[in-house]
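Presented below is the structure to which this report refers.
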Amino acid sequence: MPAINRIIGTFSSTGRGFGFICTDNPNETDIFISSNDVNGALHLDVVECELKLTKSSKKQYFSTKSSDSTRPEGFITRIVSRGIPLLAGAFCAEKRGGYIAPMEPKIPYIFPLAPATIKKMGLVEGHLVMFSVSIEGQIKVADIFGHKNDPGMDIMSLVRQFDIPYEFSEEALAEAAALPQSVSENDIQGRTDFRKWTTITIDGSDTKDIDDAISFKRSFSGNFELGVHIADVSHYVPSGSAIDSEAFARGTSVYLADRVIPMIPHKLSNGICSLNPNVDRLALSCVMEISNFGEVVSYRIVPSVIHSKRRFTYDEVLELLEERWEEPWSKYFRDMRKLAGILRKKRMDRGALDFGFSEAKVMVDDNGFPIDIEMRETTAATNIIEEFMIVCNETVAQNFKNEPFVFRTHDGPDPDKIYQLSAYAGNLGYKLPVNAQGTTAKSLQRLLKDIQDKPAEASLGPVILRSLKQARYTAENTGHFGLASKYYCHFTSPIRRYPDLMIHRIVKDHLNQKKDKKFKDKLPEFCAHCSQTERNAESLEREVLQLKKVQLMADKIGQYFEGTVSNVLPWGFYVQLPNTVEGLVPLDSLIDDKYVYVEKQLAFYGLRRKKRIRLGDPVTVLVSKVSEADRKITFTLH
């Protein structure tokens, strides 16, 4: 076989036996691998494959991707390396031995264990283990981390599966224990003193790690003076310390249904670093003078000491804005809301995207069992903090636009995806103008505004999201498409995001006129690492949320619900309920007609009865199956 037909790529399994091979080249089409041609490869393995040479396979593969649904096919010839070194699984006992069932739904196999291994490890039914599968297929159990019936083990299994660090080393805990409980006079030396300013914090009622505080007033010129004060974590976590090494490995805090896996020990995140009220705290402050047109007229970025006068929750601020109590504070927050509105209008005029989706949070009992789904909507109170953090991040990024820096960038969407999105929107009666370059942010903004609070929002909104690229950390600035920002960074959450901590160090080095000549060369690798840890954390958070939704629906089999068609795929369509629970209606369950999938319209058409099922349609479904192992819900169309 000619070498040109051999491809190295990553195998992406669907969990149904077959999958696709993706390469690093965006112009190369994904290769379809049937279940008979997987050859022992597991999800995310790096593999070598050969193309099945048909009349059009070369043309399909060695050309730019198109919207054509046909794909080249191949077969895997060898496994180069395992994509997941350690897998989480549950041990299942049998009469003559047993096997491990992986917890990753995209690995639809079981792995038998030799009786000697079972006896040596002391494995019993329900043990949760970490294990590896060699390229040759040999199974090795690394450790037992619990039992499936232990409280909280459902989430811990996912934490282990995603290889998220969740325990701090003795060295890191010792460093944390040695830190002071309060700010000393020596700590304050050389800092700008803002302790007499009226500084407050606004957070959720359950927030324990407070990153940011706000000071606010009208200046003599009639402009707004906004101070955004961010916890100075870098003062307590020097580069190269044990805490710093573990914070870098984590990259971010992870927020799950019944727990938080912090980036830094609680002694810091909830203690000396948290901007709690009525105590002195060290900060890095960005104080801006902002005009009535939303322009940052002047600013200064300084190490500081602050003293928060009061902690407010979002609900309290919302009540104050509606003048229910404490009139002096009502005026204070109404002026804040005015500035936030000015900043928001300026962003919208630039073409910033505002999805405005409600965030789903699963409420759990003391045993971690889900009891309800709470929808957290954006309010005037949350908008104030959002706009103030955005303008602060933009200001800091612009200040360092010519320096080695960590930018938060978001590239514009691919034209191909925008063409598809335009077609989907057109089928629902909405317009999205496109050209050879794709579309503008303002066109997407208009589409989002058109579907707001309409039935199409639940179905078309996620399609718009999927058409956009992911934001990431980069050493080179390319702007932020979604925010319509020329310069943007993450400066405001160093307790829970490592890039923010790194930026604080850059700011301090700049103020102290320190320069590391090798630092610029390290930035691309650093940014790639932080982007990857962010992806891992987001994936874990999504899987835990889905797990809890599945558990919530476990006792609702046989019940009917109203929902909306949220996605249409060749093997069926997904329906989303008002509480964001989503399930699949399989194509083979539609027995009233023979249905044909029409990809360009995201719809199914019945050949005999001419019934149409398309994206955004309201439907009634029956909960027919709930699988916690697969984290999937199956609906039947009523």
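Only this structure's heavy atoms are used, side chains among them; waters, hydrogens and symmetry mates stay out. Because the structure is predicted, anything quoted here is derived from the model rather than measured.
Not a single donor-acceptor pair under 3.5 Å links the side chain of Asn270 to the backbone N or O of His266. Of the possible polar contacts, none joining the Gln161 side chain to the Ala88 backbone as a donor-acceptor pair under 3.5 Å is found. Although no hydrogens or angles enter the test, the distance criterion places a donor-acceptor pair under 3.5 Å between the side chain of Lys309 and the main chain of Trp197. Under the 3.5 Å distance criterion, the side-chain polar atoms of His529 are matched with a main-chain donor or acceptor of Phe248. A donor-acceptor pair is defined here as one N or O able to donate and one able to accept, closer than 3.5 Å; such a pair exists between the side chain of Gln445 and the backbone of Met348. Panel note: side chain Glu175, backbone Ile243; a donor-acceptor pair is recorded below 3.5 Å. Remark: the backbone N or O of Ile210 is paired with a side-chain donor or acceptor of Ser274 at under 3.5 angstrom. A donor-acceptor pair under 3.5 Å is formed between the side chain of Asn292 and the backbone N or O of Gly222. Of the possible donor and acceptor atoms, none in the side chain of Ser269 sits under 3.5 Å from a partner among the backbone N and O of Ile495. Asn512 contributes no side-chain N or O that, together with a main-chain N or O of Lys514, makes up a donor-acceptor pair within less than 3.5 Å.
Each of Phe216, Phe491, Phe194 was evaluated against His229; a single residue qualifies, Phe194, per the ring pair (Phe, Tyr, Trp, His ring centres under 6.0 Å) test. Put simply, the residue from Arg337, Lys338, Arg344 that forms a salt bridge (charged side-chain N to carboxylate O under 4.0 Å, His left out) with Glu387 is Arg344. The side chain to side chain contact (heavy atoms under 4.5 Å, CB included) test with Arg347 is passed by exactly one of Asp354, Leu483, Leu353, Val391: Leu483.
Using a cut-off of 4.0 Å between Lys/Arg side-chain N and Asp/Glu carboxylate O, Asp335 and Lys331 are scored as salt-bridged. The pair Lys346-Glu394 does not meet the salt-bridge criterion, since no charged nitrogen lies less than 4.0 angstrom from a carboxylate oxygen. With respect to the salt-bridge test (charged N to carboxylate O, under 4.0 angstrom), the residues Arg497 and Glu534 do not qualify. Ion pairing between Arg195 and Asp280 holds under the 4.0 Å rule for side-chain N and carboxylate O. Taking the charged nitrogens against the carboxylate oxygens, Glu225 and Lys217 do have a contact shorter than 4.0 Å, which makes a salt bridge. Residues Asp143 and Arg160 are paired through a salt bridge, judged by an N-O separation under 4.0 Å between the basic side chain and the carboxylate.
Annotation for Ser132 and Pro85: closest pair CB-O, 3.4 Å, computed over non-hydrogen atoms. Between Ser205 and Thr313 the shortest heavy-atom distance is CA-CG2, 4.0 Å. The minimum heavy-atom distance between Cys286 and Cys392, with the atom names listed, is CB-SG, 3.8 Å.
Here ring pair (Phe, Tyr, Trp, His ring centres under 6.0 Å) pairs that include residues 372-401, with residues two or more places apart or in two chains, are Phe400-Phe405, Phe400-His510.
Taking the six-membered ring where tryptophan is involved, the planes of Phe481 and His410 are perpendicular, since the angle between them exceeds 60° and thus also 30°.
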Please walk me through it: do Thr533 and Asn536 pass side-chain hydrogen bond (donor to acceptor under 3.5 Å, both in side chains)? CA-CA 5 Å; Thr533 55; Asn536 292 344; over 6 Å; no
Start with the C-alpha distance between Ser234 and Asp232, add both sets of side-chain angles, then the distance that settles side-chain hydrogen bond (donor to acceptor under 3.5 Å, both in side chains), and finish with yes or no. CA-CA 5 Å; Ser234 63; Asp232 189 359; 2.7 Å; yes
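Every residue was checked against the salt bridge (charged side-chain N to carboxylate O under 4.0 Å, His left out) condition with Lys486, not counting sequence neighbours, and none meets it. With sequence neighbours excluded, the residues that form a side-chain contact (heavy atoms from CB on, under 4.5 Å) with Ala142 are Leu86, Met130. With sequence neighbours excluded, the residues satisfying side-chain contact (heavy atoms from CB on, under 4.5 Å) with Phe168 are Ala172, Leu173, Glu246, Arg250, Pro262, Pro265. Residues forming a side-chain contact (heavy atoms from CB on, under 4.5 Å) with Ile84 (at least two apart in sequence, or on another chain): Leu44, Leu87.
In this structure the side chain of Met288 reaches within 4.5 angstrom of the side chain of Val228, judged on heavy atoms. Contact annotation: the side chain of Leu320 approaches that of Phe312 to within less than 4.5 Å [non-hydrogen atoms, C-beta and beyond]. Side-chain contact between Glu543 and Leu547 is absent, with no heavy-atom pair separated by less than 4.5 Å. With contacts defined as side-chain heavy-atom distances shorter than 4.5 Å, the pair Leu275/Ser308 does not qualify. Within the 4.5 Å cutoff, side-chain heavy atoms of Val362 are placed close to those of Lys549. Residues Arg408 and Asn393 fail the side-chain proximity criterion, which asks for heavy atoms closer than 4.5 Å. Using a 4.5 Å cut-off on side-chain heavy atoms (C-beta onward), Met103 and Leu128 make contact. Between Met263 and Asp500 there is no side-chain heavy-atom pair separated by less than 4.5 Å.
If you check the side chains of Ser184 and Asn186, you find no donor sitting under 3.5 Å from an acceptor. Donor-acceptor pairing under 3.5 Å is recorded for the side chains of Glu289 and Ser221. Judged purely by distance below 3.5 Å, without hydrogens or angles, the side chains of Thr478 and Asp411 pair a donor atom with an acceptor atom. Side-chain atoms of Tyr498 and Asp244 include a donor-acceptor pair closer than 3.5 Å.
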Using a 3.5 Å cut-off and no angle test, enumerate the donor-acceptor pairs between side-chain atoms of residues 145-155 and protein atoms at least two apart in sequence or in another chain.
{"residue": "His147", "atom": "ND1", "partner": "Asn149", "partner atom": "N", "Å": "3.1"}
{"residue": "His147", "atom": "NE2", "partner": "Glu125", "partner atom": "O", "Å": "2.8"}
{"residue": "Asp150", "atom": "OD2", "partner": "His147", "partner atom": "N", "Å": "3.0"}
{"residue": "Asp154", "atom": "OD2", "partner": "Lys548", "partner atom": "NZ", "Å": "2.7"}
{"residue": "Asp154", "atom": "OD2", "partner": "Gln551", "partner atom": "NE2", "Å": "2.9"}

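In the displayed structure, Lys361 atom NZ is contacted under 6.0 Å by more than 12 heavy atoms of other residues, nucleotides or ligands. By the neighbour-count criterion of 12 heavy atoms within 6.0 Å, atom CG of Asn278 is densely surrounded, having more than that number from other residues, nucleotides or ligands. More than 12 heavy atoms of other shown residues, nucleotides or ligands fall within 6.0 angstrom of atom NZ in Lys469.
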